[in-house]
2 protein chains.
Amino acid sequence: MMTTIKDVANYANVSVATVSRVLNNKGYISKTAEEAVLKAIKELDYRPNSVARSLYHKTSNMIGLLMPDITNPFFPELARAVEDVAMSYGYTVVFCNTDEEMEKEKTYFEALKQKYVDGMILTTSNMDSTKYDEFDIPLVALDRIISERIPTVVSENKKGAMEATQHLIERDCKYIAHLRGPVGVRPADDRYNGFIEIAEKEGIGYVTADTQFSIELAEEKTLELFQSHPEIDGIFASSDVTAAGAMHALFKLNKQVPQDVKIVGFDGIPLGTMLVPSLTTIQQSIYKMGEKATQLLIDQIEQKAIDTYYHEFPTSLVVRHTT
Amino acid sequence: MMTTIKDVANYANVSVATVSRVLNNKGYISKTAEEAVLKAIKELDYRPNSVARSLYHKTSNMIGLLMPDITNPFFPELARAVEDVAMSYGYTVVFCNTDEEMEKEKTYFEALKQKYVDGMILTTSNMDSTKYDEFDIPLVALDRIISERIPTVVSENKKGAMEATQHLIERDCKYIAHLRGPVGVRPADDRYNGFIEIAEKEGIGYVTADTQFSIELAEEKTLELFQSHPEIDGIFASSDVTAAGAMHALFKLNKQVPQDVKIVGFDGIPLGTMLVPSLTTIQQSIYKMGEKATQLLIDQIEQKAIDTYYHEFPTSLVVRHTT
DNA sequence: CTGAAAGCGCTAACAT
DNA sequence: ATGTTAGCGCTTTCAG
């Protein structure tokens with residue numbers, strides 16, 4: 001059976017209190033007592049029960065990671081980063097796919113709180129933003145902006161979008177389409193605004209279409225776009241997956257990339273390099289963002305002071321073969 | 001502060017035992033008592049503390065998912081399936097990337113056991129297989145074969161590989177290369193054996209090269225292969241990612257796909273459809289396998305009898321544009 | 001320096 | 001039908 005602190009105490013001929021003390025390196029312990037306990041622990045292959053600890057401390061050494069869908073290729077790298085740093089601090093991560101549904105989000109929130117998770121990283125937010133403030137538990141917003149009271153880690157989305165658009169114009173595009181991401185999702189909105197700003201400033205023609213982060217929808221929308229605007233010669237997609245969808249549409253339409261139409265994506269996921277031609281994109285520091293967010297969360301959990309609440313990571317244009 | 005069962009009991013003027021009874025629908029409760037308790041629960045917005053429950057029951061309603069690397073595109077869909085069914089049964093999943101390192105695997109195993117996880121799904125196994133039997137906790141092997149005592153869910157890897165090879169031969173390939181997956185990993189070995197069996201039987205020329213599930217390595221190995229065997233006109237890759245690597249190599253070598261060289265992958269991940277030309281592959285029922293594995297795990301946890309220990313899912317050849 | 005004992009929140013005998 | 005109480009395994013006063 002599982003060996004408990006009591007077993008160790010008996011074996012070492014001390015009280016459980018003493019065992020607890022050596023376990024946690026707290027309070028005075030005589031050299032001899034310590035040695036006896038250490039020996040007992042080893043002999044019995046004892047490992048403290050973390051549930052019991054949790055009950056007392058009201059902490060669990062677990063953090064929750066809420067995201068829309070791990071199946072979206074943007075998230076695995078993020079999740080990996082979170083898990084890596086969590087692990088390095090002795091935290092364990094439970095992961096939750098919300099599909100952007102408020103109900104699922106709520107359910108998870110409750111479930112995780114009951115499990116005393118020490119904090120959560122949110123890469124999705126569909127509840128009223130004030131709701132989050134009510135839950136008094138450390139939170140970090142990642143690739144989302146929820147409220148000023150929640151530490152936030154995002155990319156320079158607007159700047160990146162501006163750069164992408166500029167690049168298309170430099171490559172001589174005269175009529176650019178923007179495949180916009182979900183309306184209301186801040187990073188997608190920022191990219192949209194960046195696009196509009198440059199397009200207006202440079203005075204070129206443009207259209208936009210709403211998409212989700214789905215390849216099929218992107219393909220469909222692109223097809224539609226070309227039906228109404230055959231003059232399109234450049235596409236700025238709100239994500240690399242969307243860009244892949246656009247490329248499929250172009251293939252169907254018998255348009256050459258980059259000769260007839262140039263494309264820039266956004267994200268910098270591995271997919272981009274696998275496409276042929278490989279995708280020009282705005283690279284985000286996905287892994288680093290995940291690390292930073294987790295670090296911020298753990299800092300909160302461990303009551304360390306958080307200097308800055310808002311962290312923007314630079315993006316960079318990676319020119320490959322679609323432009 | 002958090003409201004406890006005691007608060008509810010006081011508020012409803014009953015004992016904690018009564019509250020516990022209505023909570024768990026166990027034992028006799030009078031209609032009036034029940035109503036009072038229900039009302040108290042609602043008024044106080046009480047939610048039972050699952051850590052306390054865990055401590056008593058030695059269960060946690062959590063399951064662990066050990067996998068090599070969520071960043072490998074084979075795993076997100078699997079993880080999603082696991083999470084979906086876990087969630088539907090009220091379980092929460094903690095996920096762990098082991099990078100195929102035995103040390104990490106051990107660390108997680110210990111950590112999860114201490115948290116009383118109710119069971120684990122293993123899509124990675126690097127410890128001595130007898131080790132797993134020692135840990136007396138429900139286990140399921142997914143896309144891996146560990147021991148007969150552990151319920152197992154895999155694809156018909158050998159059969160799929162045979163079909164792939166046969167397809168290449170039917171498409172007139174005379175000299176086929178197999179990019180083999182990690183030696184010692186059962187599904188990869190099975191695919192290798194399936195390939196060899198058909199190649200021998202049909203008496204065609206072939207070579208093999210060892211790869212991991214990494215795109216870069218696959219590209220490199222393919223380059224090497226063509227240096228020593230320029231007559232290669234067909235490639236059977238052990239995974240779609242590997243196939244993508246091969247395609248990159250071919251692009252560099254100025255070989256046309258499928259005219260000069262035909263390629264078949266294995267897995268059927270979304271990547272395959274995004275490639276140009278899109279990838280012919282052996283499709284696995286990834287999501288279904290994840291579902292089945294989770295179902296098997298939960299059955300064990302809930303002490304339901306498990307009929308079959310070994311589950312093989314059929315694969316299917318999906319012919320796209322690389323052959 | 002060490003031990004006894006209370007308590008974290010909940011469940012399940014055992015009484016009543 | 002309901003309450004009392006003893007744990008689950010651990011931590012932390014509080015005495016000594």
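Order of the sequence lines sets the chain letters (A, B, ...), proteins ahead of strands, with each chain counted from 1.
The side chain of A/N49 contributes no N or O atom lying less than 4.0 Å from OP1 or OP2 of D/dC8. Taking only side-chain nitrogens and oxygens, A/Y56 never comes nearer than 4.0 Å to OP1 or OP2 of D/dT13. In this structure, B/R53 does not reach the C/dG9 phosphate: none of its side-chain N or O atoms is under 4.0 Å from OP1 or OP2. Between B/S30 and D/dT2, a side-chain N or O to OP1/OP2 separation shorter than 4.0 Å is present. Within the structure, a side-chain polar atom (N or O) of A/T18 is placed less than 4.0 Å from OP1 or OP2 of C/dG3. Contact check, B/K26 against C/dA12: a side-chain N or O comes under 4.0 Å of OP1 or OP2. Here B/K6 does not reach the OP1 or OP2 of C/dC8: none of its side-chain N or O atoms lies under 4.0 Å away. Checking the phosphate oxygens (OP1, OP2) of C/dG9, no side-chain nitrogen or oxygen of B/T4 falls inside 4.0 Å.
Of the residues listed (A/V82, A/T123, A/D69, A/I286), the one engaging A/F75 in a side chain to side chain contact (heavy atoms under 4.5 Å, CB included) is A/T123, and it is the only one.
Atom P of nucleotide D/dG9 and atom CD of B/Q114 are separated by 13 Å, given to the nearest angstrom. At whole-Å resolution of the value, OH in B/Y116 and C1' in C/dG9 are 15 Å apart. To the nearest angstrom, P of C/dG9 lies 7 Å from CG of A/L55. Between the CG atom of B/N25 and the C1' atom of C/dA12 there is a distance of 16 Å, rounded to whole Å. A/D7 has its CG atom 11 Å from the P atom of D/dC8, to the nearest Å. If you measure from atom CD1 of B/I5 to atom C1' of D/dT5, you get 14 Å, rounded to the nearest angstrom. In this structure, B/L23 atom CG and C/dC10 atom P are separated by 8 Å, rounded to whole Å. Separating the OH atom of A/Y28 from the P atom of D/dT13 is a distance of 14 Å, rounded to the nearest angstrom.
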For the pair B/E77 and A/T71, evaluate side chain to side chain donor-acceptor pair (under 3.5 Å) and give the outcome as yes or no after the intermediate values. CA-CA 6 Å; B/E77 193 177 341; A/T71 263; 5.9 Å; no

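Look at A/R80 and B/D99 and you find a salt bridge, because one of the NZ, NE, NH1 or NH2 atoms lies within 4.0 Å of a carboxylate O, short of that distance. Remark: B/R144 engages B/E100 in a salt bridge, criterion side-chain N to carboxylate O under 4.0 Å.
Taking only side-chain atoms of A/S15, from C-beta outward, the nucleotide of C/dA4, C/dC8, D/dT12 with the closest atom is C/dA4.
The C1' atoms of five pairs define one axis at each end of the helix from C/dC1-D/dG16 to C/dT16-D/dA1, and these two axes lie 50° apart (to 10°).
B/D84 and B/Y287 share a donor-acceptor pair across their side chains, judged by distance under 3.5 Å alone. Looking at B/E148 and B/Y309, their side chains never bring a donor and an acceptor atom within 3.5 Å of each other.
In this structure, B/S54 contributes its side chain and B/T59 its backbone to a donor-acceptor pair below 3.5 Å. A donor-acceptor pair under 3.5 Å is formed between the side chain of B/S30 and the backbone N or O of B/A33.
A/I29 comes within 4.0 angstrom of the backbone, heavy atoms only, and of no base. Residue contacts shown for A/V14 are limited to sugar-phosphate atoms, with no base heavy atom under 4.0 Å away.
The nearest heavy atom of DNA chain D to B/E34 and to A/V19 marks one nucleotide each, and the one closer to the 5' end goes with B/E34. Nearest-nucleotide assignment on DNA chain C puts the 5′-proximal partner with A/A17, out of B/P48 and A/A17.
For A/R21 against C/dG3, a side-chain-to-base donor-acceptor contact under 3.5 Å is present.
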